[in-house]
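What you see is a predicted model; the values in this text were computed from it and never measured. Below, chains carry the letters A, B, ... as their sequence lines are ordered, and counting in each starts from 1.
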Amino acid sequence: SQELEQSPQSLIVQEGKNLTINCTSSKTLYGLYWYKQKYGEGLIFLMMLQKGGEEKSHEKITAKLDEKKQQSSLHITASQPSHAGIYLCGADRGQGGSEKLVFGKGMKLTVNP
Amino acid sequence: KAGVTQTPRYLIKTRGQQVTLSCSPISGHRSVSWYQQTPGQGLQFLFEYFSETQRNKGNFPGRFSGRQFSNSRSEMNVSTLELGDSALYLCASSLGRGLQETQYFGPGTRLLVL
């Protein structure tokens, strides 16, 4: 089973609408990263959350980390076509993990003008 | 500062051939990781190099190998290519290799195996 589950898998919204993406981990979170990817391109770093309850914002994007639920949410306010892309969450495996980061399958966002 | 660069950006090979991909990290970054991204499996970790030594390895066959040079530049090699190796190969660099070190990704190399 996937270690990081993202929901929804895809979303189509009208420009100006707010939306929330969730990332739930089946294992303890040591650090949670959010990246954005345009189709076929590299990942753009958005933000990293380290501690439970931490909340960070960048422009119209806010991410929160709920350590108890092992979940992070990414909220976009007043979406714009420039927000379209694939949003990926990644997590540190912590000490003893063989992988640098594990990633969710991604959430594809379409914003219609 | 220049970002992570990867060459080539696109590559077409046939089954049985081998391929070498190159990654130049952000200046000052010493850790380089490689990932494979496919529609079916998503983004999967291949390996990580730090100070010219492989530190971590994902669950990939021995046909996938890599190395890191003294200037932190890294290459990955795939031998005896299979159709299933068609993917976007992403390289990421970070300052160090501790926990919660942010990784910055390059644009990727898209490999098509025919």
Side-chain angles (χ1 to χ4, degrees), chain A residues 1-7 9-10 23-52 54 56 58 63 65 67 72 85-108, chain B residues 3-7 9-10 21 23-26 29-50 54-60 66 74 86-112:
Chain A
S1 63
Q2 189 73 14
E3 184 174 326
L4 286 178
E5 293 282 350
Q6 290 189 239
S7 61
Q9 291 183 346
S10 63
C23 174
T24 303
S25 174
S26 60
K27 298 186 179 182
T28 302
L29 284 171
Y30 293 94
L32 194 290
Y33 301 78
W34 284 101
Y35 290 88
K36 178 186 171 187
Q37 183 180 31
K38 291 284 191 182
Y39 178 74
E41 297 180 9
L43 277 63
I44 299 167
F45 172 71
L46 294 175
M47 52 193 88
M48 179 184 74
L49 303 166
Q50 294 175 281
K51 297 176 250 184
E54 187 171 19
K56 287 187 177 177
H58 177 67
L65 181 62
E67 211 167 48
S72 177
I86 298 170
Y87 289 81
L88 291 134
C89 62
D92 264 319
R93 288 290 302 276
Q95 297 292 347
S98 63
E99 296 167 295
K100 185 69 174 176
L101 286 180
V102 290
F103 284 90
K105 287 284 182 87
M107 196 290 288
K108 182 179 177 183
Chain B
V4 178
T5 57
Q6 291 187 245
T7 55
R9 291 293 312 278
Y10 303 94
L21 312 181
C23 171
S24 292
I26 292 171
H29 284 196
R30 296 172 63 194
S31 174
V32 174
S33 296
W34 288 88
Y35 294 83
Q36 181 196 66
Q37 187 177 36
T38 59
Q41 299 298 318
L43 203 56
Q44 292 184 292
F45 173 77
L46 280 157
F47 25 67
E48 178 201 7
Y49 285 87
F50 182 83
Q54 188 179 92
R55 303 293 177 154
N56 281 317
K57 190 176 191 314
N59 189 24
F60 278 83
S74 177
S86 295
L88 180 66
Y89 290 88
L90 292 160
C91 160
S93 76
S94 58
L95 268 173
R97 60 180 307 268
L99 283 178
Q100 297 162 354
E101 285 267 10
T102 299
Q103 290 194 295
Y104 296 91
F105 284 78
T109 294
R110 183 162 294 282
L111 172 65
L112 177 61

> Could you walk me through whether B/T102 and A/Y33 pass the side chain to side chain contact (heavy atoms under 4.5 Å, CB included) check?
Replying inline: CA-CA 8 Å; B/T102 299; A/Y33 301 78; 3.9 Å; yes
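- Residue B/Q6 does not touch chain A at all, counting heavy-atom pairs closer than 4.5 Å.
- Closest non-hydrogen pair, A/E41 versus B/L88, comes out as O-CD2, 3.8 Å.
- The residue among B/G3, B/C91, B/P107, B/A92 with the most heavy atom pairs within less than 4.5 Å of chain A is B/P107.
- Atom CD of B/Q54 is surrounded by more than 12 heavy atoms from other residues, nucleotides or ligands within 6.0 Å.
- The environment of NZ in A/K56 is crowded: more than 12 heavy-atom neighbours from other residues, nucleotides or ligands sit within 6.0 Å.
- Residue A/M48 holds its CE atom at 11.5 Å from CD of B/Q103, rounded to the nearest 0.5 Å.
- Note: A/L4 CG to B/L43 CG = 11.0 Å, rounded to the nearest 0.5 Å.
- Atom CG in A/L101 sits 6.5 Å away from atom CZ in B/F105 (nearest 0.5 Å).
- Using modelled atom types, no side-chain atom of A/K105 and backbone atom of B/P39 make a donor-acceptor pair closer than 3.5 Å.
- Put simply, CZ on A/F103 and CD on B/Q44 are 12.0 Å apart, with the number rounded to the nearest 0.5 Å.
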